[in-house]
Amino acid sequence: MEDTKNKIFYSSYSDDYSHPGDRRRFYGFLKKKNIEKSLCTNYKDADILFITNGNNTDLSIFYKYLKNNNKKLIFELCDAYLSEPFTFNRIFRSFYKFIKRENKYFYPSQFNLIKKICKMADIVICASENQKNRIMKFNKNVSVIYDFLDTEIYNNTPNHSSKKKTLNIFWEGQSNNIQEFNDVIKVLKIFNKRRKIKMHFVTDNTYMNNFKIKEKTIKYIERNFSGIEYELFKWSIKNLNEISQNCDLAVIPCSNKNRQMFRDKSANKLHILWKLGLPTITSSNDAYKKSMNAIGIDMICQTDQDWIDRLNFCCDNNKLIKKDIIKAKEFLNNNYSDEKIMKR
């Protein structure tokens with residue numbers, strides 16, 4: 001890439017490149033190569049457009065422009081939007097984006113707009129094999145990428161102990177995703193009667209609810225986690241690493257209405273938590289299952305009883321859990337280190 005004369009424009013996830021999608025993917029790659037300053041600032045002057053599907057990108061502008069201009073297009077679609085069922089959010093997303101001026105031009109369906117951009121792209125980049133299989137219905141040139149995580153995750157070894165009176169459970173992520181607890185909270189409350197739980201949330205202070213109304217994250221927690229002790233920490237790389245070390249395990253839940261999209265997500269979230277040294281219990285996801293199978297464990301939950309069983313297992317098998325985390329870290333170092341990803 002250093003020798004190319006092509007001008008490249010990158011539509012970032014955030015203006016200051018601080019979003020995980022910037023730090024851990026294309027912009028992070030450019031920084032590792034020390035060529036991030038070579039990016040073209042105006043897409044009309046570029047030969048190659050690298051377009052993301054982040055909230056910072058107006059796909060309506062780029063679609064209209066690319067229909068009438070012969071430019072190379074790389075489209076990064078790392079969220080499983082093509083797996084989204086026919087829900088309220090999918091039906092009204094385009095209308096909402098137009099009203100909020102997130103889309104300059106109105107298209108009846110954001111879902112169909114994404115498909116059209118997939119079709120016109122020279123290559124589509126995604127984050128899982130499931131996503132790749134869906135995208136290949138519209139474009140045969142699809143590549144799966146993995147996030148750079150080594151520079152953000154320290155070499156952590158939490159002090160897991162089965163003798164603690166309280167089970168400390170860790171969750172991190174974008175605040176909108178806290179609603180994925182909707183159908184798992186009842187299980188946590190049941191388990192809390194057997195053994196006291198303390199939840200540690202590392203996320204943003206506000207989230208967007210299902211009606212696209214911004215609320216304080218603490219309000220969601222107070223409303224739904226009554227009877228369970230909790231702490232809320234603002235997301236930062238520092239808090240991600242430090243708060244996780246006070247925890248015994250992590251969870252990645254999914255609400256029933258988002259099961260198909262969740263199933264097609266990448267394994268990145270699981271890999272982050274393993275790198276943090278945390279045994280992790282998750283809702284059903286094919287990429288998670290593949291990584292777990294590689295080290296001979298099963299922490300996937302399809303039913304409420306699965307959640308109870310796996311929480312009990314983590315509490316009662318401390319030595320085995322520690323061995324599993326060692327295996328998980330070795331697996332990641334051998335297959336998903338930044339160095340290995342750079343060579344792919």
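Computation of the quantities below employed the complete heavy-atom set of this structure, encompassing side-chain atoms and omitting hydrogens, waters and symmetry-equivalent molecules.
- If you look at His271 and Tyr336, their ring centroids are closer than 6.0 Å.
- Judged by distance alone, with hydrogens and angles left aside, the side-chain atoms of Asn241 form a donor-acceptor pair with the main-chain N or O of Glu152 at under 3.5 Å.
- Seen from the ring of Phe138, Lys119 does not count as a face-on cation partner, given the 6.0 Å and 45° thresholds.
- Side chain of Asp47 to backbone of Lys7: a donor-acceptor contact under 3.5 angstrom is found.
- Taking the six-membered ring for Trp, Phe111 and Tyr81 have ring centres at least 6.0 Å apart.
- With hydrogens and angles disregarded, a donor-acceptor distance shorter than 3.5 Å links the side chain of Lys269 to the backbone of Glu172.
- Of the residues listed (Thr206, Asn209, Asn182), the one engaging Tyr220 in a side-chain hydrogen bond (donor to acceptor under 3.5 Å, both in side chains) is Asn182, and it is the only one.
- Closest heavy-atom contact between Pro108 and Ser94: O-CB, 3.9 Å.
- Under the 30°/60° scheme for interplanar angles, the aromatic rings of Phe331 and Trp274 are found to stand perpendicular.
- Considering Asn285, Asn133, Asn130 in turn, Asn130 is the only one that fulfils the side-chain hydrogen bond (donor to acceptor under 3.5 Å, both in side chains) rule with Asp264.
- A salt bridge is defined here as a Lys NZ or Arg NE, NH1 or NH2 lying under 4.0 Å from an Asp or Glu carboxylate O, and Arg23 with Asp338 fails to meet this definition.
- Residues Asp298 and Arg310 are paired through a salt bridge, judged by an N-O separation under 4.0 Å between the basic side chain and the carboxylate.
- When the options Asp324, Leu320, Ile325 are evaluated for a side chain to side chain contact (heavy atoms under 4.5 Å, CB included) with Ile297, the one that passes is Asp324.
- Ring-plane geometry between Tyr10 and Phe26 is classed as tilted, the angle between the planes lying from 30 to 60 degrees on a 0 to 90 degree scale.
- Judged purely by atom type and a 3.5 angstrom limit, Lys265 has no side-chain atom pairing as donor or acceptor with the backbone of Ala80.
- Arg134 and Gln131 are not linked by any side-chain donor-acceptor pair at a separation below 3.5 angstrom, with hydrogens and angles left out of the test.
- Phe225 and Phe181 have their aromatic ring centers within a separation under 6.0 angstrom.
- Expressed to the nearest 0.5 Å, how far CG of Asp150 lies from CD1 of Ile341 amounts to 7.5 Å.
- When atom types are taken as modelled, the side chain of Lys71 and the backbone of Lys44 share a donor-acceptor pair closer than 3.5 angstrom.
- Salt-bridge formation is detected for the pair Glu215/Arg223: a Lys NZ or Arg NE/NH1/NH2 atom is positioned less than 4.0 Å from an Asp or Glu carboxylate oxygen.
- For the pair Asn103 (side chain) and Asp58 (backbone), a donor-acceptor distance under 3.5 Å is absent.
- A salt bridge links Glu84 with Arg93: the closest approach of a Lys/Arg side-chain nitrogen to an acidic carboxylate oxygen falls below 4.0 angstrom.
- Ring geometry for Tyr13 against His19 counts as parallel: the plane angle stays under 30°, on a 0 to 90° scale with 60° as the upper cut.
- Ring centroids of Phe233 and Phe201 are separated by 6.0 Å or more, keeping the two rings apart.
- Closest non-hydrogen pair, Cys78 versus Ala127, comes out as O-CB, 3.9 Å.
- For the pair Thr57 (side chain) and Asn53 (backbone), a donor-acceptor distance under 3.5 Å is absent.
- In this structure, Asp304 pairs ionically with Lys186, as a charged nitrogen and a carboxylate oxygen lie closer than 4.0 Å.
- The line from CD1 of Ile185 to CG of Asn224 is 4.0 Å long, rounded to the nearest 0.5 Å.
- By the 4.0 Å N-to-carboxylate-O rule, Asp147 lies close enough to Arg25 to be salt-bridged with it.
- Cation-pi contact between Lys32 and Phe148: present, with separation from the ring centre below 6.0 Å and deviation from the ring axis of at most 45°.
- In terms of modelled atom types and a separation under 3.5 Å, the side chain of Asn258 and the main chain of Met261 share no donor-acceptor contact.
- In terms of modelled atom types and a separation under 3.5 Å, the side chain of Thr166 and the main chain of Ile197 share no donor-acceptor contact.
- Taking the salt bridge (charged side-chain N to carboxylate O under 4.0 Å, His left out) definition, one finds that Arg90 meets it with nothing, sequence neighbours left out.
- Phe75 places none of its side-chain heavy atoms less than 4.5 Å from the side chain of Ile125.
- Contact check on Asp286 versus Lys289 returns no salt bridge, with no Lys/Arg side-chain nitrogen under 4.0 Å from an Asp/Glu carboxylate oxygen.
- Side chain to side chain, Gln260 and Ser83 fail the donor-acceptor criterion of an N or O pair below 3.5 Å.
- The structure places CG of Leu332 at 12.0 Å from OH of Tyr146, a figure rounded to the nearest 0.5 Å.
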Test side chain to side chain contact (heavy atoms under 4.5 Å, CB included) on Ile91 and Phe88; report intermediate values, then the result. CA-CA 5 Å; Ile91 294 168; Phe88 176 90; 5.8 Å; no
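- Between the side chain of Lys72 and the backbone N or O of Leu49, no donor-acceptor pair lies under 3.5 Å.
- By the salt bridge (charged side-chain N to carboxylate O under 4.0 Å, His left out) test, Lys319 is found to be paired with no residue, residues two or more places apart in sequence or in another chain being considered.
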